[in-house]
Amino acid sequence: MKLPRHLAIIMDGNGRWAKDRRHSRVYGHLRGAKIAKTVIEDCARRKIPFLTLFAFSTENWFRPLEEVAFLMHLLQRQLRRETQTLMKNDIRFQYIGDLERLPPEVRAVVLETVETTADNKGMVLTFALSYGGRQEITAMARELVRQVKNGLLEEEDVDEALVSGLLASSFLPDPDLIIRTSGESRLSNFFLWQSAYSEIEFEAKPWPDFEVNDLERILTAFSQRERRFGRTSEQALRP
Ligand code: IPE
Ligand code: IPE
Ligand code: MG
């Protein structure tokens with residue numbers, strides 16, 4: 001089966017899943033964290049080279065304070081608890097997003113996890129934390145201006161590869177497949193530049209109900225898609 005080199009997942013629907021069960025939204029996030037662990041281990045087992053999980057967006061800071069605090073605490077707790085799982089599965093942990101906005105103790109655990117897993121050679125697991133595609137592109141534009149001002153770059157040097165290289169995600173290939181759970185058909189500011197030719201799968205199930213069987217089904221469908229990148233079918237079929 002042809003696997004995506006880079007799989008990205010927008011883990012959505014925790015709050016509504018919990019509400020449907022008359023629980024508080026945070027109960028949904030707890031369950032969501034469990035699902036994330038299962039999916040991470042399954043992707044590592046399948047030898048998917050890059051997995052990115054959208055865990056917290058720039059806009060998620062506008063949620064009620066208690067929910068934001070809970071999500072931050074949960075992130076810190078899970079990373080602490082699961083470092084050994086990452087080591088055991090040879091997973092290298094990375095992040096994209098504005099880490100400066102995270103509470104210092106959470107930021108510290110994120111950086112610690114990056115460091116501890118730095119020499120692992122298996123799957124690269126990236127958490128998008130306080131991440132927004134527009135913010136990422138804006139930061140790239142600022143860096144471009146800075147480099148031109150300082151005489152490090154000429155207008156003619158600016159091409160797509162240079163832009164990609166100045167994004168926070170420069171260490172990642174573009175995502176081949178993006179999955180969003182919970183039935184919403186939008187990207188919500190995720191990987192705006194990088195998703196130019198991503199296959200996108202909108203899955204009806206909310207994230208807390210997502211199972212490895214669902215992943216299997218979606219990966220099988222992905223392996224059967226024809227990716228043409230603007231060419232004709234005949235051209236795309238040629239190796
Ligand atoms: C995804 O679930 C988790 C985060 C965005 C942090 P939501 O919390 O967005 O759940 P819904 O979409 O409100 O159901
Ligand atoms: C996107 O989900 C962000 C994450 C899954 C982390 P949201 O729930 O924040 O997106 P909207 O508000 O429904 O577009
Ligand atoms: Mg949501």
Side-chain angles (χ1 to χ4, degrees), residues 4 6-40 43 50-79 81-82 93-103 106-107 109-110 113 125-138 167-169 172 175 177-195 198-211 214-215 218:
H6 181 185
L7 166 66
I9 307 182
I10 304 173
M11 309 180 289
D12 192 24
N14 295 351
R16 279 164 290 160
W17 177 88
K19 205 173 158 223
D20 284 349
R21 284 157 185 76
R22 299 175 186 280
H23 282 292
S24 63
R25 292 179 55 84
V26 300
Y27 180 71
H29 295 316
L30 265 179
R31 167 81 178 216
K34 271 196 192 144
I35 305 296
K37 174 182 158 70
T38 313
V39 167
I40 291 166
C43 287
F50 298 90
L51 171 67
T52 300
L53 299 180
F54 197 8
F56 194 87
S57 76
T58 322
E59 291 72 30
N60 289 151
W61 288 114
F62 297 114
R63 291 192 178 191
L65 268 177
E66 311 81 63
E67 182 170 344
V68 171
F70 184 87
L71 284 167
M72 289 299 138
H73 170 77
L74 183 63
L75 174 66
Q76 186 186 359
R77 193 192 76 173
Q78 287 304 106
L79 285 180
R81 272 194 187 171
E82 301 299 340
F93 180 81
Q94 290 278 21
Y95 72 88
I96 49 173
D98 186 2
L99 220 54
E100 293 299 312
R101 290 185 74 178
L102 265 52
V106 184
R107 194 188 318 147
V109 177
V110 171
T113 313
L125 168 66
T126 305
F127 270 37
L129 297 170
S130 187
Y131 172 86
R134 286 191 170 186
Q135 289 77 4
E136 182 189 33
I137 291 169
T138 307
L167 295 173
S169 66
L172 294 168
L177 173 62
I178 298 176
I179 300 173
R180 180 177 187 145
T181 57
S182 91
E184 307 295 358
S185 314
R186 54 177 175 262
L187 286 174
S188 301
N189 205 9
F190 185 54
F191 275 165
L192 298 182
W193 166 272
Q194 299 86 338
S195 62
S198 302
E199 300 293 324
I200 306 183
E201 192 69 48
F202 295 107
E203 163 65 37
K205 279 190 182 180
W207 180 246
D209 281 339
F210 195 75
E211 293 172 303
D214 299 312
L215 183 60
I218 292 170

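FYI, the numbering just counts along the sequence from 1. All values reported here derive from a predicted model rather than from experimental measurement. Order of listing sets the numbers, starting from 1, for every ligand and every atom in it. Hydrogens, waters and symmetry mates play no part in the numbers below; they use all other heavy atoms, side chains included.
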With heavy-atom distances below 4.0 Å as the criterion, list the atoms of ligand 1 near His29.
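Counting atoms of ligand 1 from 1, those under 4.0 Å from His29 are 3 (C), 8 (O).
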Within a distance under 4.0 Å of any heavy atom of Asn14, pick out the atoms of ligand 1 and give their elements.
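Result: 1 (C), 2 (O), 3 (C), 7 (P), 10 (O), 14 (O).
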Among all the protein's non-hydrogen atoms, which is closest to [atom], and how far away is it?
atom	answer
atom 11 (P) of ligand 1	Arg16 NE, 3.5 Å
atom 6 (C) of ligand 1	Ala55 O, 3.4 Å
atom 1 (C) of ligand 1	Met11 O, 3.0 Å
atom 14 (O) of ligand 2	Ser188 OG, 2.6 Å
atom 3 (C) of ligand 2	Phe54 CE2, 3.7 Å
atom 9 (O) of ligand 2	Asn60 ND2, 2.9 Å
atom 10 (O) of ligand 1	Gly15 N, 2.9 Å

Tell me, which protein N/O/S atoms are under 2.8 Å away from the Mg ion (ligand 3)?
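Near the Mg ion (ligand 3), below 2.8 Å, one finds Asp12 OD1.
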Hey, is [X] one of the residues with a heavy atom under 4.0 angstrom from ligand 1?
X	result
Gly13	yes
Arg63	yes
Lys19	no

On a heavy-atom basis, which atom in Ile35 and which in Phe210 lie closest, and how many Å separate them?
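So the two residues come closest at CG2-O, 3.5 Å.
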Nearest non-hydrogen partners of Ser130 and Trp61, listed with the distance
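Ser130 and Trp61 have their closest heavy atoms at OG-NE1, 2.8 Å.
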Can you find a non-hydrogen atom of Arg186 under 4.0 Å from ligand 2?
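True for this residue.
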For Lys205, does the NZ atom have more than 12 heavy-atom neighbours from other residues, nucleotides or ligands under 6.0 Å away?
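Yes, enclosed.
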Which ligand 2 atoms are under 4.0 Å away from a heavy-atom of Phe56?
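Heavy-atom distances to Phe56 below 4.0 Å select 6 (C).
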Would you kindly specify which portion of Glu59 sits under 4.0 Å from ligand 2, judged on non-hydrogen atoms: side chain, backbone, both or neither?
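No part of Glu59 comes within reach of ligand 2.
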When only distance counts, is Arg180 in polar contact with ligand 2, meaning an N/O pair under 3.5 Å?
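Yes.
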